[in-house]
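In this text the structure is predicted, and so the values were computed from the model without any measurement. Starting from 1, each residue takes its place in the sequence as its number.
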Amino acid sequence: MRKTGWSRRAGAMMVLLLGFLLLPGLACAKGPAGTVLVLGDSLSAAHNIPVDAGWVSLLQQRVRQQSKTPARIVNASMSGETTAGALTRLPDLLAREKPTVVVIALGGNDALRGLTPAQVQGNLEKMVQASQKAGAKVLLLGIDVPPNYGPAYRQRLAAAYKALATQYKVPLLPFLLEGVALQPGMMQADGLHPTAQAQPKVLDNVWPLLRPLL
């Protein structure tokens, strides 16, 4: 009887010891803190600059530096993308990537193609709804258009982003290129896309709103 009792105690101690030994391995096996899906156009797709220099790539570097379990960054941005095109792609992206945060940085190409702010807002709204329904937090990155569009159009476009942010309680960066557009050395020759040197500033615009969502 004594021998059996000792064997049981020894067995229990071995199980406990194995548990302690496995804990560090289990901690190391933990996955990333989440997935950030960036859905944008050429402003987020490193247009005409090295991919590693784009603000989304710089974002991945920053989260790796500042977190022991950094979020995974998925850049689904495409040059020329519109709100309608992104809306079509979004369901598959949500299902495949299972993001915890969706960053929507769209609207510029819609304006260039003559869509009304109401149409832009309608497509953005559907993307916000789909993302939230999938359990993701949303960050909206707004855009402005050149002055030749007129003050009325620009005001309605800005109001569209603000209305969505208010209605769906999501953070909004009113202008992604704040402090970049029209600044010497910050824009490429086309006057539409930021240079590689401007990308850290673009990230600095986004980071204060994105960080609390991670």
Side-chain angles (χ1 to χ4, degrees), residues 22-79 81 86 89-90 93-108 124 127-128 130-132 134-144 161-162 164-165 168-181 183 185-188 193-214:
L22 285 172
L23 279 176
L26 290 173
C28 292
K30 289 175 65 178
T35 296
V36 177
L37 174 66
V38 180
L39 195 57
D41 50 31
S42 54
L43 298 180
S44 302
H47 176 78
N48 205 30
I49 61 174
V51 173
D52 290 345
W55 76 264
V56 181
S57 292
L58 297 180
L59 170 63
Q60 181 69 83
Q61 296 176 26
R62 183 169 295 187
V63 296
R64 285 174 179 165
Q65 293 169 353
Q66 298 194 10
S67 175
K68 293 181 179 179
T69 54
R72 182 173 66 103
I73 310 299
V74 176
N75 193 0
S77 303
M78 294 173 52
S79 292
E81 185 63 291
R89 293 194 295 129
L90 183 57
L93 288 168
L94 292 174
R96 183 173 70 249
E97 305 296 348
K98 297 178 173 52
T100 50
V101 179
V102 176
V103 179
I104 302 175
L106 292 160
L124 290 173
M127 281 188 275
V128 172
S131 299
Q132 291 184 334
K137 301 172 185 177
V138 175
L139 170 59
L140 272 178
L141 306 182
I143 195 64
D144 197 0
Y161 289 105
K162 186 175 181 180
L164 287 173
Y168 292 96
K169 297 179 173 59
V170 300
L172 167 67
L173 176 63
F175 184 31
L176 177 61
L177 301 184
E178 184 67 39
V180 173
Q183 297 300 313
M186 291 287 194
M187 299 298 289
Q188 297 180 34
H193 299 93
T195 61
Q197 291 74 19
Q199 299 300 314
K201 172 57 179 172
V202 178
L203 175 57
D204 286 343
N205 289 344
V206 176
W207 183 245
L209 293 173
L210 178 58
R211 184 177 184 180
L213 304 181
L214 299 178

ask   = Taking the side chain from Ser77 and the backbone from Ala45, do they hold a donor-acceptor pair closer than 3.5 Å?
value = no
task = Give a yes or no on whether the backbone of Ala76 and the side-chain of Arg89 come within a donor-acceptor separation of less than 3.5 Å.
result = yes
request  = Give a yes or no on whether the backbone of Ser44 and the side-chain of Asn75 come within a donor-acceptor separation of less than 3.5 Å.
outcome  = yes
ask   = Given the rule in the side-chain contact (heavy atoms from CB on, under 4.5 Å) test, do Leu43 and His193 qualify, once you have shown the distances and angles that lead to the verdict?
value = CA-CA 6 Å; Leu43 298 180; His193 299 93; 3.9 Å; yes
Closest non-hydrogen atom pair between Val36 and Ala71, with its separation = CG2-CB, 4.2 Å
Straight-line distance of Arg64 CZ to Ile73 CD1, nearest 0.5 Å = 9.0 Å
key: Pairwise distance CG(Leu177) to CE(Met186) - rounded to 0.5 angstrom   = 11.0 Å
query = Is there any salt bridge (Lys or Arg N to Asp or Glu O under 4.0 Å) pair reaching into residues 168-179, and which pairs are they, with sequence neighbours excluded?
reply = none
inquiry  = If I take atom CD from residue Gln60 and atom CD from residue Gln65, how far apart are they, to the nearest 0.5 angstrom?
reply    = 10.5 Å
task = Looking only at non-hydrogen atoms, find the nearest pair between Gln188 and Thr195 and report the distance.
result = N-CG2, 3.6 Å
ask   = Sub-3.5 Å donor-acceptor pair from the side chain of Thr100 to the main-chain atoms of Thr35, do we have one?
value = yes
note = Rounding to 0.5 Å, atoms CG (Leu58) and NZ (Lys201) come to a distance of 14.0 Å
inquiry  = Looking at Gln199 and Trp55, would you say the former's side chain and the latter's main chain have a donor-acceptor pair under 3.5 Å?
reply    = yes
query = Can you check whether Leu173 reaches Leu210 side chain to side chain, under 4.5 Å on heavy atoms?
reply = no
message = Pair Val206, Leu176 - check side-chain contact (heavy atoms from CB on, under 4.5 Å), show working.
response = CA-CA 7 Å; Val206 176; Leu176 177 61; 3.6 Å; yes
inquiry  = To the closest 0.5 Å, what do you measure between NZ (Lys137) and CD (Gln132)?
reply    = 11.5 Å
key: Rounded distance (nearest 0.5 Å) linking atom CG of Leu59 with atom CG of Leu214   = 7.5 Å
task = Give a yes or no answer on whether the side chain of Gln183 reaches the backbone of Ala198 with a donor-acceptor pair at less than 3.5 Å.
result = no
request  = With sequence neighbours excluded, tell me which residues meet side-chain contact (heavy atoms from CB on, under 4.5 Å) with Pro171.
outcome  = Leu139, Leu209, Leu213
request  = Any chance you could lay out the side-chain contact (heavy atoms from CB on, under 4.5 Å) test for Phe175 and Asn205, step after step, and finish with the verdict?
outcome  = CA-CA 9 Å; Phe175 184 31; Asn205 289 344; over 6 Å; no
task = Assess whether side-chain contact (heavy atoms from CB on, under 4.5 Å) is satisfied between Val63 and Trp207, documenting all intermediate values.
result = CA-CA 10 Å; Val63 296; Trp207 183 245; 3.8 Å; yes
note = Note: Leu106 and Gly40 closest approach over all heavy atoms is CD2-C, 3.5 Å
inquiry  = Once side-chain contact (heavy atoms from CB on, under 4.5 Å) is applied, do any residues pair with Lys98, and if so which ones, sequence neighbours excluded?
reply    = none
key: Donor-acceptor pair, side chain of Ser131 and main chain of Met127, under 3.5 angstrom   = yes
remark   = When Leu39, Val103, Val202 are each screened for side-chain contact (heavy atoms from CB on, under 4.5 Å) with Leu141, the one that passes is Val103
key: Shortest non-hydrogen contact from Arg62 toward Asp204   = NH2-OD1, 3.0 Å
task = Please name the pair of heavy atoms, one in Ser57 and one in Asp52, separated by the smallest distance, quoted to 0.1 Å.
result = CB-O, 3.6 Å
task = State, to 0.1 Å, how close Leu172 and Ala165 come at their nearest heavy-atom pair, and which atoms those are.
result = CB-CB, 3.7 Å
